[in-house]
Amino acid sequence: MNDELVNGEHRVAGVTADLDMLFGEVEALRELAGDPQASADQARVYDFSIRWGTLLAGRLPRLEHYYRHGGLTPEERARYDALRAALREALPVMERLGIARPTIPLGGTDDR
């Protein structure tokens, strides 16, 4: 495991950064969707979708891997669960904007 020692505890390196980035992009998605002018601008939606897709294809599966294999601390697991809930809530917005949806299980009734 790619880990680091933080406050005497072994942690997977980069998990906090990954979570912060993903939460930031979920917020950016909400802002984009909440602005009718921005969400109608296909160039803006496209630019966002490139960043979004990169995170969904790289960072999110990485977190899922460590989540499934016990590599996250209890606090990181709680944040990851909150992230999955935020992603689940944002599914209609992703659909409306035509951007990629997460391929990991999001919990709730839509688990794949």
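For residues 70-97, every residue pair satisfying the ring pair (Phe, Tyr, Trp, His ring centres under 6.0 Å) rule, not counting sequence neighbours, is listed here: Tyr67-Tyr80. Listed by first then second residue, pairs satisfying salt bridge (charged side-chain N to carboxylate O under 4.0 Å, His left out) with a partner in residues 35-56 read Glu25-Arg51, not counting sequence neighbours. Residues in residues 22-61 take part in these ring pair (Phe, Tyr, Trp, His ring centres under 6.0 Å) pairs, two or more places apart or across chains: Phe48-Trp52.
Distance check: Arg59 CZ to Met21 CE gives 3.5 Å after rounding to the nearest 0.5 Å. Atom CG in Leu91 sits 7.5 Å away from atom CG in Leu87 (nearest 0.5 Å). To the nearest 0.5 Å, the span separating CG on Leu63 from CD1 on Ile104 amounts to 8.5 Å. Atom CG of Leu60 sits about 7.5 Å away from atom CG of Leu106, to the nearest 0.5 Å. Here the CD-OG1 distance, from Glu75 to Thr16, works out to 10.0 Å after rounding to the nearest 0.5 Å.
The nearest pair of heavy atoms linking Leu97 to Ser39 is CD2-CB, 3.7 Å. Contact between Pro102 and Met94 at its shortest, heavy atoms only, is CD-SD, 3.5 Å.
Listed by chain and number, the residues in a salt bridge (Lys or Arg N to Asp or Glu O under 4.0 Å) with Glu31 amount to none (sequence neighbours excluded). Residues satisfying the side chain to side chain contact (heavy atoms under 4.5 Å, CB included) test with Thr54, not counting sequence neighbours, are none.
A salt bridge links Asp20 with Arg79: at least one charged nitrogen is closer than 4.0 Å to a carboxylate oxygen.
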